[in-house]
Amino acid sequence: MSRPTPLEPAPRLARAVGLEPGDLWVKRDDLIGLGGGGNKVRKLEWTAGAARAEGATTLVTSGAAQSNHARLTAAAGARLGMDVVLVLAGAPSEGMTGNIALDGLFGARVVWAGEVGEAELEAVVAAVAEELRGRGARPVVIPFGGSSVLGAQGYVEAGRELLEQAPDLSTVVVALGSGGTMAGLVHSLGAERVLGVHCGAVADPEQTVSHLVGGLIGGLVVGGPAGGGPAGAPLRLRLDQVGPGYSALTEPVMDALTTAARTEGVVLDPIYTGRALAGLIAAVRDGQVRPGRRTVFLHTGGLPGLFGHAETLARARSAVADTAVRWPRI
Ligand SMILES: *Cc1c(COP(=O)(O)O)cnc(C)c1O
């Protein structure tokens, strides 16, 4: 599936964030060739691929209403000829746009779980899988965000791919959601070279990533207060971009979205990649990322989520409203 994904220079964005023009590159995993793209495709190749090889008929997964992972599981099911059931937090509403519209287009069935927490969502998933089994289907549950140790293998591979494209890589900046993407990169690049920007999707990001990294290095769970990468180096995390919560749009994120769009024509999303760039900007400001070295921004996708986020759309539209004129002028 379209490998390697492009690594593109971003000289204008580099200058805008306080780096030298040659310092910043964007790894375009948003362009990976399935279902609108994004990082979940690399994980699903492992998890959904294994499910099919085991003879499963149905993929079941869960997420937020605007889950990119749910949308890409729906697309993977279509590609593999499997049924897909998505258990989503929330309730059906009028503005079912963005990822939800694509879930429908890919033919997935959606089960609305209501306003529930993570544990309750998992309980609904288990109940749905049981019901499917009772009806003779062979369901496999893909974990939240696709972030099992198996799924994280997709980003172990991606890290190796990136190293071939950029052997002098100093830091790759990545949004941290369910943790599998960062964990895989830490495994192949080392903890020193991966900066994860927490997006508020999990309660304890350090523990989440450490646990997956531990699984990748052979079933050994690395934990403890310092967390850890393969060589025991501490994980590099930024926890300062969550704001009022996972689905909230913050000013630094709106600035990051606008900057990426207006310097490079690159679209980010308000939940993940916007936070990752806002985190990079903050990291340059406080010296955690420095000029004169190769920094890669991992574009993990999320564009459909932008179209499911009313506040971001309203802010983007207001820029048009401020500048628009009708022709002819009178
Ligand atoms: C899920 C997601 C992430 C985070 O990846 P995890 O492996 O869950 O940490 C980043 N960006 C986008 C667009 C995503 O959908």
Side-chain angles (χ1 to χ4, degrees), residues 5 26-32 34-47 61-76 98-99 102-103 118 142-159 172-187 194-213 215-216 235 237-239 241-242 246-247 253 256-257 260 266-280 297-309 312:
T5 56
V26 182
K27 173 79 169 155
R28 300 295 305 267
D29 275 13
D30 58 316
L31 300 180
I32 214 161
L34 178 75
N39 63 330
K40 301 310 180 310
V41 175
R42 289 190 193 261
K43 300 196 264 184
L44 282 159
E45 281 188 331
W46 289 78
T47 54
T61 199
S62 60
Q66 284 295 336
S67 167
N68 297 306
H69 165 68
R71 178 243 314 167
L72 287 166
T73 302
N99 279 304
L102 293 179
D103 296 342
E118 210 178 303
I142 310 273
F144 178 74
S147 285
S148 55
V149 171
L150 182 64
Q153 293 285 350
Y155 271 88
V156 175
E157 281 183 344
V172 54
V173 180
V174 61
L176 193 180
S178 61
T181 302
M182 180 173 182
L185 293 173
V186 165
H187 188 72
V194 186
L195 177 61
V197 181
H198 176 42
C199 297
V202 293
D204 187 341
E206 179 161 7
Q207 178 61 28
T208 302
V209 175
S210 292
H211 188 84
L212 289 164
V213 171
L216 286 167
L235 296 172
L237 296 175
R238 286 200 80 98
L239 308 176
Q241 298 301 326
V242 177
Y246 173 74
S247 55
V253 168
L257 254 63
V266 167
V267 186
L268 305 181
D269 78 286
I271 308 301
Y272 292 107
T273 52
R275 281 195 171 98
L277 183 59
L280 171 58
F297 179 81
L298 179 61
H299 194 326
T300 45
L303 175 59
L306 173 71
F307 288 101
H309 198 279
T312 309

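Note that ligands are numbered from 1 as they come in the structure, with each ligand's atoms numbered from 1 the same way. We use all heavy atoms of the structure for the numbers below, so side chains are in, but hydrogens, waters and symmetry mates are not.
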Heavy-atom pair of closest approach, residues Leu277 and Ala260:
CD2-CB, 3.9 Å

the protein heavy atom lying closest to atom 11 (N) of ligand 1 turns out to be Thr300 OG1, 2.6 Å

What residue and atom, counting heavy atoms only, is the protein's closest point to atom 8 (O) of ligand 1, and at what distance?
Ser178 OG, 2.5 Å

Evaluate the side chain to side chain donor-acceptor pair (under 3.5 Å) criterion for residues Lys40 and Thr73: first the C-alpha distance (whole Å), next the side-chain angles of each, then the deciding distance (0.1 Å), finally the verdict.
CA-CA 8 Å; Lys40 301 310 180 310; Thr73 302; over 6 Å; no

Using a strict cut-off of 4.0 Å, indicate which atoms of ligand 1 neighbour a heavy atom of Lys43.
6 (P), 7 (O), 8 (O)

So, Lys43 and Ser147: side-chain donor and acceptor under 3.5 Å apart, yes or no?
yes

Could you list the atoms of ligand 1 found under 4.0 angstrom from a heavy atom of Ala175?
4 (C), 10 (C)

For Met182, is the nearest heavy atom under 4.0 Å from an atom of ligand 1?
no

Between OG1 of Thr300 and CZ of Arg28, what distance do you get to the nearest 0.5 Å?
11.5 Å

Determine the minimum heavy-atom distance between Leu235 and Ser210, stating which atoms define it.
CD1-OG, 3.5 Å

With heavy atoms under 4.0 Å as the rule, classify the contact between Ala276 and ligand 1 as side chain, backbone, both or neither.
neither

What atoms of ligand 1 come closer than 4.0 angstrom to any heavy atom of Gly179?
6 (P), 7 (O), 8 (O), 9 (O)

Evaluate the side-chain proximity of Leu44 to His69: yes if any heavy-atom separation is below 4.5 Å, no if none is.
yes

Test side-chain contact (heavy atoms from CB on, under 4.5 Å) applied to Leu306 and Thr273, Ile271, Leu268, Leu257, the passing residue
Leu257

Look at atom 5 (O) of ligand 1 and say which protein heavy atom is nearest, naming residue and atom and giving the distance to 0.1 Å.
Asn39 ND2, 2.9 Å

Sub-4.0 Å atoms of ligand 1 with respect to non-hydrogen atoms of Gly301
13 (C)

Which heavy atom of Leu298 sits nearest a heavy atom of Tyr155, and at what distance?
CD2-CE2, 3.9 Å

Among all protein heavy atoms in this structure, tell me which lies nearest to atom 14 (C) of ligand 1, with the distance rounded to 0.1 Å.
Lys40 NZ, 2.9 Å

Please identify which atoms of ligand 1 are closer than 4.0 Å to at least one heavy atom of Asn68.
13 (C), 14 (C), 15 (O)

Under 4.0 Å from ligand 1, counting heavy atoms only, is it the side chain of His69, its backbone, both or neither?
neither

Check Gln241 against Ala278 and note the closest heavy-atom contact, atom names and distance.
OE1-CB, 3.4 Å

Per-atom contacts, ligand 1 versus Gly302 - under 4.0 Å to a heavy atom:
13 (C)

Per-atom contacts of ligand 1 with Ser147, taking only distances under 4.0 Å to non-hydrogen atoms
7 (O)

I'd like to check which ligand 1 atoms, numbered from 1 as shown, lie under 4.0 Å from a non-hydrogen atom of Gly177.
4 (C), 6 (P), 8 (O), 9 (O)

On a heavy-atom basis, the closest approach of Val41 and Leu34 is CG2-O, 3.9 Å

Could a heavy atom of Gly38 be found less than 4.0 Å from some atom of ligand 1?
no

